[in-house]
Amino acid sequence: MVLNRYNNTLDGEDLPGTYSFRIIDKDGEELWVQLNAVSIAWEERPATLNVLRDISPQKKLEVQLQQAQKMEAIGTLASGIAHHFNNVLMGIQGNASLMRLEIDSSYPHTEKLRNIEQYVQQGTELTKQLLGVAREGKYEVRPTDLNDIVNNSSQMFGRTKKEIKIHTRYQERIWIVEADQGQIQQALLNLYVNAWQAMPGGGELYLETENVILDENYVEPYHIEPGRYVKISVTDTGAGMDKQTLERIFDLFFTTQEMGRGTGLGLASVSGIIQNHGGHINVYSEKGHGTTFNIYLPVSETQIVEEKGAPNELQTGAETILLVDDEDMIITVASEMLRKLGYEIIVAKSGKEAIELCRAHRNAIDIIILDMIMPDISGEETYDRIREVMPEAKVLLSSGYSIIGQAKDMLERGCNGFIQKPFNMIRLSQKIREVLNKKEQ
Ligand SMILES: Nc1ncnc2c1ncn2[C@@H]1O[C@H](COP(=O)(O)OP(=O)(O)O)[C@@H](O)[C@H]1O
Ligand SMILES: [Mg+2]
């Protein structure tokens with residue numbers, strides 16, 4: 001093409017002087033270049049003067065921009081749906097919990113109710129994947145020991161997948177990272193499930209944690225900060241991948257699984273979650289030789305605080321709760337759940353009503369359960385106004401999803417806890433006690 005144009009220009013044809021094309025350099029790397037050719041006379045013969053410019057960086061930026069715009073659209077879509085979808089799930093979950101509480105376990109429908117709760121759980125997992133893809137859903141960021149997370153998640157996984165042998169090697173005195181533990185757990189489980197699917201006849205899964213320091217040179221291409229990281233590697237002895245598959249695995253909806261088995265959401269969400277934590281993920285694989293995924297998460301300066309595992313049972317109480325939510329469905333199930341637990345309930349269907357009720361009953365209200373996303377006055381603004389009326393109020397935030405960092409902001413500004421919808425009775429009862437029993441700071 002280039003040669004043709006050159007000859008045609010010399011023959012006097014009037015062609016545009018500037019155009020772009022791809023070349024392959026001597027390392028086999030593909031580059032985009034722009035050629036600017038001007039007709040001149042050279043030693044009295046027609047010739048062209050050519051300036052060749054490497055425009056690969058620009059081309060790369062264009063692709064990145066398109067990708068970013070696509071992610072933004074998906075993010076908006078995912079978070080919009082997640083909020084409503086989680087409210088619906090909350091309604092189903094709540095009613096099923098309540099029914100199960102009212103009948104004894106010999107009743108023939110108990111099993112079906114338990115199934116309903118399990119399906120709700122699957123629905124929740126799906127929205128979590130979507131939020132991961134959209135780089136949202138990072139709510140409870142806490143100093144975290146990744147050895148614990150790897151250990152818990154692999155044990156949970158190993159119990160159901162006996163055909164896979166799990167080997168672990170943990171870094172001693174592992175550095176602490178700031179992480180949403182639920183999300184990291186979700187990311188790891190996605191990697192384990194993929195490994196399991198790549199080893200249909202069983203195989204080995206190697207899990208390793210390591211403290212590493214990434215320097216300027218290493219981090220440059222990935223848009224992350226140089227410094228201390230904790231690395232988690234997940235290696236399987238499965239089918240591996242060829243180069244073409246490897247190039248696409250992080251793409252949304254890319255799957256080589258048959259219909260119904262894979263969604264192609266797994267790795268897209270893993271990569272969203274890791275990036276949202278300021279980290280980085282890479283992969284090594286060869287067809288027939290297994291696969292390694294490496295996750296790098298940045299180290300935090302905070303020290304870890306021991307947390308007691310909550311007992312797995314209902315915790316009751318008799319305090320007065322102000323429940324603030326704009327959805328009737330949520331108000332109905334949640335207030336019935338709370339009454340069953342022994343609490344007195346006051347209901348507000350908007351931020352405005354909540355603030356008025358706080359003025360009227362400031363001495364009677366022990367705890368406020370506040371929805372984050374409401375029309376008119378948002379949960380955030382409601383929170384600020386409640387704080388003006390009741391500076392000491394205990395507030396438990398509840399939401400199906402949050403606009404990036406908003407829940408985290410509010411927790412930093414003194415909100416006492418966060419519970420994600422859909423919640424079941426055990427979780428709700430525990431969260432309330434956790435907030436009520438917390439000592440004043
Ligand atoms: N450990 C692995 N070994 C081999 N192939 C893998 C592995 N992990 C992921 N893949 C490939 O990447 C694709 C995308 O994975 P993922 O995003 O989790 O979607 P899904 O699992 O729903 O197909 C898989 O369909 C598979 O082809
Ligand atoms: Mg998968």
Side-chain angles (χ1 to χ4, degrees), residues 67 70-71 73-75 77-78 81-82 119 121-138 149-150 153-154 156-169 182-209 231-277 279-296:
Q67 183 65 14
K70 196 168 98 190
M71 290 312 293
I74 291 166
L77 184 75
I81 292 177
Y119 289 132
Q121 194 52 40
Q122 284 176 22
T124 317
E125 297 302 323
L126 215 61
T127 35
K128 278 191 193 153
Q129 297 276 42
L130 267 180
L131 287 172
V133 171
R135 301 197 197 155
E136 290 197 16
K138 194 175 83 177
I149 307 288
V150 171
S153 57
S154 64
M156 183 154 73
F157 180 75
R159 268 197 292 277
T160 56
K161 305 286 182 318
K162 297 278 187 235
E163 67 276 27
I164 288 180
K165 187 147 179 25
I166 300 178
H167 309 264
T168 49
R169 203 166 82 197
Q183 277 207 323
I184 299 299
Q185 178 133 339
Q186 180 196 328
L188 289 173
L189 283 170
N190 276 333
L191 296 183
Y192 305 160
V193 168
N194 284 348
W196 168 69
Q197 287 171 335
M199 303 188 284
E204 322 275 320
L205 185 64
Y206 296 87
L207 307 176
E208 222 177 291
T209 55
K231 171 179 167 188
I232 308 176
S233 331
V234 178
T235 301
D236 66 60
T237 56
M241 288 171 267
D242 56 28
K243 220 174 156 215
Q244 274 156 315
T245 308
L246 267 176
E247 269 173 16
R248 301 191 52 200
I249 53 171
F250 293 109
D251 288 357
L252 189 54
F253 303 129
F254 173 78
T255 177
T256 58
Q257 313 268 2
E258 62 206 65
M259 278 284 263
R261 195 167 138 99
T263 55
L265 277 173
L267 289 177
S269 113
V270 173
S271 124
I273 288 171
I274 300 308
Q275 287 182 38
N276 200 16
H277 278 79
H280 172 61
I281 180 166
N282 62 27
V283 55
Y284 295 95
S285 184
E286 255 176 72
K287 189 114 195 127
H289 295 279
T291 303
T292 296
F293 283 93
N294 296 310
I295 289 177
Y296 297 86

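Remember, predicted model here, so these are calculated numbers, not experimental data. Both ligands and their constituent atoms are indexed starting at 1 by order of listing.
Protein residues with a heavy atom under 4.0 Å from ligand 1 are Asn194, Ala195, Gln197, Ala198, Asp236, Gly240, Met241, Ile249, Phe254, Thr255, Thr256, Gln257, Gly262, Thr263, Gly264, Gly266, Leu267, Thr291, Phe293.
Here the Mg ion (ligand 2) has protein N, O or S atoms under 2.8 Å from it, and they come to 1.
With sequence neighbours left out, the side-chain hydrogen bond (donor to acceptor under 3.5 Å, both in side chains) criterion links Thr237 to no other residue.
When all heavy atoms of Gly240 and Thr291 are compared, the closest pair comes out as CA-OG1, 3.6 Å.
Annotation for Glu125: atom CD counts as buried by contact number, over 12 foreign heavy atoms lying within 6.0 Å. More than 12 heavy atoms of other residues, nucleotides or ligands shown are found within 6.0 angstrom of CZ on Phe250.
With values rounded to the nearest 0.5 angstrom, Thr256 atom OG1 is found 12.5 Å from Gln244 atom CD. Considering CD1 of Ile166 and CG of Asp236, their distance stands at 12.0 Å, rounded to 0.5 Å.
In this pair, Tyr206 and His167 present their aromatic rings parallel. The plane angle is below 30°, not in the 30 to 60° band.
Pairs passing the salt bridge (charged side-chain N to carboxylate O under 4.0 Å, His left out) check and including a residue from residues 190-208, sequence neighbours excluded, read Arg169-Glu208.
Of the possible polar contacts, one joining the Ser285 side chain to the Gly290 backbone as a donor-acceptor pair under 3.5 Å is found.
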